[in-house]
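Residue numbers start from 1 in every chain, and the chains themselves are labelled A, B, ... in the order their sequence lines are given, proteins ahead of strands. Values reported hereafter were calculated over all heavy atoms of this structure, with side chains retained and with hydrogens, waters and symmetry mates removed.
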Amino acid sequence: MATVDIGTIVSLCKRRGFIFPASEIYGGLGSTWDYGPLGVELKNNVKRAWWKAVVYDRDDIEGMDGAILMNRLVWKYSGHEATFSDPLADCRECKGRFRADKAYELDCPRYKRKVIECSANLTEPRAFNLMFKTQVGPVEEDAALAYLRPETAQSIFVNFKAIVDSRWRKVPFGIAQIGKAFRNEIVPGNFTFRTREFEQMEIEFFCKPGTDEDWHAHWIEERHNWYLRYGIRPENLRRYVQQPAELAHYARACTDLQYRFFPEREDAEKQWDELEGIANRTDYDLSVHSKGKQEKWRLHNEHSTQSLLYRDPVTNEKFVPYVIEPSAGADRATLAFLLDAYSEKAGADGEPRVVLKLHPALAPIKVAVLPLARNKSELVEKAKAIKSDLQRRGIRAVYDDTAAIGKLYARQDEIGTPFCVTVDYDTLGVGKAQAGEPATSPVTTALKDTVTVRDRDTWEQARIPIAGLPEFFAERLGPAL
RNA sequence: GCGGGAGUAACUCAGUGGUAGAGUCACGGCCUUCCAAGCCGUUGGUCGCGAGUUCGAAUCUCGUCUCCCGCUCCA
């Protein structure tokens, strides 16, 4: 299977209306991207597929949608105010950049020595704050400092008690959320892989201490299978178990699902990067947001008004739930599905044509209805009527007659439309008169009110009665998201 | 932030001091019975931006912005 580099996808995305550089007519803004007409459909489908899998298809997850602006104290007690601000220094000699507080122990990337040995060439440390700051209140001097949330998870933790109380939930259960998050990344890049504004799809799954390892394993399995179900090829997806030294101080374990985003890189290890992280965060999060002294984490929360201690209503047992966090990036998932769907196939003329083999549930457009020729009004009217009917039944369909049939097929292949419906003369039951032959024949009469349905991946065609189209597509497009 | 590379039409690019181009794409017309057909026509670029040198700058010089690659960061 051919692999594709991101540059090819960037070009395709712009040319066909998936993703554009943001603010482009003003020269752009670093690392911001806008989803265009097809991109928004694709990304919405990715998000709906995720929501369906984790909320609708299960009975132990609630959904929510939290505010981007939150009380600053949330970030104080979550630890972000302290850890999201790093002093960094540059080395003028080897061109490396290091955390000033760790520089002495690090190896110089260019010379065989520790960074401390070239410390005379280090620039003064500068503070890099990874959280976007803004103000709440229009008068700048009086306004309160606020941050754009750097992750969606905290919305879930601070709503834990409200959801338990309002939805009669018992642990184990989870809360799912899709939303924007913002990080002033030092080095964004690689298209939508790392951007400063991005969308997360996160679950915080609360469970009893002692059952956490089983739930962790469960979620790794669930999430891995979700990507496979929606078309990611197994050879491009792997699990990476974080080593103890890589773990956050409170995390007990973390397994990343990595996708082969960069197959063009020579170093095989660098071809892989994180698609989703599934962490066992222990009871850290609910503890730090609980009022009072938290011995285990050696901190005292003097601002929170609530204890997030959980009391099991059946056993009366009290404990702070452990949290399993499957945290996925909506933009990264969308990019992975795009990369994985890309394929090329030789056309009749031998030239390669792009076919985007998106899973039907993710495809921006499900069916394109096309007239075989556009200068025959009967073909045009019939095709438009079929398009309207399919759309009324909830199947995303478009009509197009702006080119010859071959080009129309090629265009739909390139944007991943699974099926094309073509209205021809047989559909009208009037077979075109050939020299010396009657205008109609028994064969064409039998084909009246049927259309051809062309498959994107095989380019094979089937003759289907118009009345049978909804059922035909329902079987092949799968359940609605 | 440092180093390297690059900015010319929607895309891919040519154009090294003298009237801004090609292919593709897009749009319209004619035509067309199924895989990017043909013919005709059309739209679209202050050559990233700003200075400077010059009779004259896409081209030379300086500055600046943006993007890409690499490095440092990413609970």
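Residue-level contact check: A:R456 touches neither bases nor backbone, having no heavy atom under 4.0 Å from any strand. Residue A:T452 is in base contact, counting any heavy-atom pair closer than 4.0 Å across all strands shown. Across all strands shown, A:P21 has no heavy atoms under 4.0 Å from either base or sugar-phosphate atoms. Backbone-only engagement by A:I405 is indicated by non-hydrogen atom pairs under 4.0 Å involving sugar-phosphate atoms exclusively. Base contact: A:Q461 has a heavy atom under 4.0 Å from a base atom. Here A:S11 lies in heavy-atom contact (under 4.0 Å) with sugar-phosphate atoms only.
A sub-4.0 Å separation between OP1 or OP2 of B:rC34 and a side-chain N or O of A:K407 is absent. At B:rA36, one or more side-chain N or O atoms of A:R353 fall inside 4.0 Å of OP1 or OP2 (strictly under the cut-off). In this model, the phosphate group of B:rA36 is not approached by any side-chain N or O of A:K345 to a distance below 4.0 Å at OP1 or OP2. An OP1 or OP2 oxygen of B:rC11 is reached within less than 4.0 angstrom by a side-chain nitrogen or oxygen of A:K14. In this model, the phosphate group of B:rG29 is not approached by any side-chain N or O of A:N375 to a distance below 4.0 Å at OP1 or OP2.
A gap of 7 Å separates the P atoms of B:rG45 and B:rA10, to the nearest Å.
The six-membered or imidazole ring of A:F206 lies away from that of A:Y322, with a centre-to-centre distance of 6.0 Å or more. Side-chain rings of A:W272 and A:F261 stay apart, their centers remaining 6.0 Å or farther from each other.
Annotation: cation-pi geometry not satisfied between A:R196 and A:F198 (NZ/CZ under 6.0 angstrom from ring centroid, within 45° of ring axis). For the pair A:K43 and A:Y35, the cation-pi test (distance below 6.0 Å, angle within 45°) is passed.
In this structure, the CH2 atom of A:W459 is 10 Å from the C1' atom of B:rA36, given to the nearest Å. Between the OH atom of A:Y425 and the C1' atom of B:rU32 there is a distance of 8 Å, rounded to whole Å.
Ion pairing between a basic and an acidic side chain is recognised when a charged N comes within 4.0 Å of a carboxylate O; A:K376 and A:D401 show no such pairing. Between A:E460 and A:R454 no salt bridge is recorded (no basic side-chain N to carboxylate O distance below 4.0 Å).
The residue among A:A404 and A:R374 whose nearest nucleotide of RNA chain B is located toward the 5' end is A:R374.
Applying the salt bridge (charged side-chain N to carboxylate O under 4.0 Å, His left out) definition to pairs two or more places apart or across chains, those involving residues 236-245 of chain A are A:E221-A:R239, A:R238-A:E269.
Residues from residues 411-418 of chain A lying near RNA chain B, meaning a heavy-atom separation below 4.0 Å, are A:R411, A:E414 in numerical order.
Contact annotation: side chain of A:R454 to base of B:rC35, donor-acceptor pair present below 3.5 Å.
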